[in-house]
2 protein chains.
Amino acid sequence: MTDTKARRGAGRPREFNTDAALDKAVRLFWQRGYEATSMADLVAETGVAAASLYAAFDNKAGLFAAVIERYAATFSVHLYEPINDPALSTFEAVKGLLERAASSFSEPGTPAGCFMYSAAAAVSPASAAIECMLRDKRIAAEALLIERLHRGAAQGELAADTDPAVLGKFINTVMEGMSVQARDGATINELLSIAEMALDRWPAAV
Amino acid sequence: MTDTKARRGAGRPREFNTDAALDKAVRLFWQRGYEATSMADLVAETGVAAASLYAAFDNKAGLFAAVIERYAATFSVHLYEPINDPALSTFEAVKGLLERAASSFSEPGTPAGCFMYSAAAAVSPASAAIECMLRDKRIAAEALLIERLHRGAAQGELAADTDPAVLGKFINTVMEGMSVQARDGATINELLSIAEMALDRWPAAV
DNA sequence: TTGATTATTGAACGATCGTTCTGTATCGAT
DNA sequence: ATCGATACAGAACGATCGTTCAATAATCAA
């Protein structure tokens, strides 16, 4: 054991890698949720001292906000790629989205399910702002999907009696449910079966 | 202000009403989740002193376990009634289940969504047992649904190429997603539309 | 009426929560 | 070579966490 007094104050080796620390924080919040993840956990996992985390992110809520953005930039962006791909038909886009959800939610290297859906499912009134951040992201993602469906409808890709808003909400609901299923141990094949069943009898224009 | 010393020890007015206290605890856990609900919150909400709660339920986890059973006995039982109703066709049973989910998850007097799905979505490793309790309940409920579908299939109520296990998982997934939707503010009508769209894909025989 | 029982209470426990502070080692500029 | 400036480390903060305790009064058997 080195002398405690001598080891205090490690100086300025280098600014800690913010993204690397956020990646570790993402995993922790993803798995345990906001309330169950303590700053001590985050310090231990990231290897960054508490004071440095506070200097960079103000407080736990600020760190969580940064974690949300980091997750969105790395995982969500990949998930929603098919929706923004102009080369795909509307059906292919939604099919691609659900298939990516199936594989992403059951990916072995990451916590099961979707961070956006489970990290703050239920939260204390004191951290209501946390819940709001994620809800806004979820609603924005749904709006993105619905917008894509509207474009598809405008191009005659959907049955005339299909409401894009309802269809989008339905697809989104299936995806949210798939996250819960993944958390409960559903395999990628089971998730793909669910996705396939959701896409069955797609209301295509004849 | 009454003298503090004189007010200590209030004697034995009556054993507190366990079910009434559990009902209040259900609401609290339902809304905030396991980790974000403190014993102090529970004491304030139920009006029962901490020591009395500990005498009755051992600890917070024990109280939560009792809350799960209470929720199952009051809300879940009602939700799954159609599944156990022998007078209903398989389709009617599933339709009834989803419609009850739509109204129950958006019921104004109770927290949005389903307790079983959101109360312990993400939890610390120390309370992994809590997560397990709910997961077991969810899986049991899904098994119940799948069993009902198997009976329907045996009676020729499903298309021959339909796997009851997959169909059950799909229905269950939609229901879980509906809970997230409800948490995010979906109205009963929106939830009913989602349910209807899920049933549109019903693989009836011929 | 009395005495043992017991559910109840407010207070107190150690542990941990999120957060801040003090001190130090390293850096860039002079 | 030397001097602030800065990013880091551990220690310490008050508050709150889940839990337990000693004290008290309502109960029921005698």
Side-chain angles (χ1 to χ4, degrees), chain A residues 1-22 25 28-29 32-67 120 123-130, chain B residues 1-22 25 28-29 32-67 120 123-130:
Chain A
M1 285 294 175
T2 35
D3 183 301
T4 299
K5 228 163 215 162
R7 301 190 67 252
R8 289 205 47 212
R12 184 192 189 186
R14 183 66 48 190
E15 291 183 33
F16 71 91
N17 185 330
T18 300
D19 281 345
L22 281 180
L28 225 45
F29 278 127
R32 308 184 182 181
Y34 179 74
E35 307 267 1
T37 304
S38 71
M39 288 302 297
D41 293 334
L42 291 160
V43 166
E45 182 73 15
T46 62
V48 178
S52 300
L53 291 177
Y54 277 89
F57 306 108
D58 282 0
N59 49 32
K60 188 184 176 185
L63 172 53
F64 189 76
V67 158
V123 111
S124 81
S127 13
I130 295 298
Chain B
M1 285 293 178
T2 37
D3 183 291
T4 299
K5 229 164 215 162
R7 301 191 66 251
R8 290 203 49 211
R12 185 192 188 185
R14 181 67 48 192
E15 291 184 33
F16 72 90
N17 185 330
T18 300
D19 280 345
L22 280 180
L28 225 45
F29 278 127
R32 307 184 184 183
Y34 179 73
E35 307 266 3
T37 304
S38 71
M39 289 301 297
D41 292 334
L42 291 160
V43 166
E45 183 72 15
T46 62
V48 178
S52 299
L53 291 177
Y54 277 88
F57 305 108
D58 282 0
N59 49 32
K60 189 184 176 185
L63 172 54
F64 189 77
V67 158
V123 111
S124 81
S127 15
I130 295 297

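Sequence lines set the chain letters: A, B, ... in the order given, protein chains first and strands last, and positions in each chain run from 1.
- Screening residues 46-59 of chain A for salt bridge (charged side-chain N to carboxylate O under 4.0 Å, His left out) gives no qualifying pairs among residues at least two apart or on separate chains.
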Polar atom pairs between nucleotides 14-18 of chain C and protein, under 3.5 Å, N or O only, would you list them?
| residue | atom | partner | partner atom | Å |
| --- | --- | --- | --- | --- |
| C/dG18 | OP1 | A/T37 | O | 3.4 |
| C/dG18 | OP1 | A/K60 | NZ | 2.7 |
| C/dG18 | OP2 | A/M39 | N | 2.7 |

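- Atom CG of B/L53 and atom C1' of C/dT8 are 11 Å apart (whole Å).
- Near DNA chain D, meaning a heavy atom under 4.0 Å from it, residues 42-52 of chain A has A/A49, A/A51, A/S52 in order of number.
- Counting only residues at least two apart or in different chains, salt bridge (charged side-chain N to carboxylate O under 4.0 Å, His left out) contacts with residues 38-57 of chain A comprise A/R32-A/D41.
- Annotation: side chain of A/L22 is in contact with side chain of A/F57 (closest heavy-atom distance under 4.5 Å).
- Between B/K60 and B/E35 the shortest heavy-atom distance is NZ-O, 3.9 Å.
- When all heavy atoms are compared, the tightest approach of B/A36 to A/S124 is CB-N, 3.3 Å.
- Across B/A25 and B/V67, no two heavy atoms sit closer than the pair CB-CG2, 3.6 Å.
- Under the side chain to side chain contact (heavy atoms under 4.5 Å, CB included) criterion, B/T46 pairs with B/A21, B/K24, B/V48, B/L53, not counting sequence neighbours.
- Residues forming a side chain to side chain contact (heavy atoms under 4.5 Å, CB included) with B/A61 (at least two apart in sequence, or on another chain): B/Y34, B/N59, B/I130.
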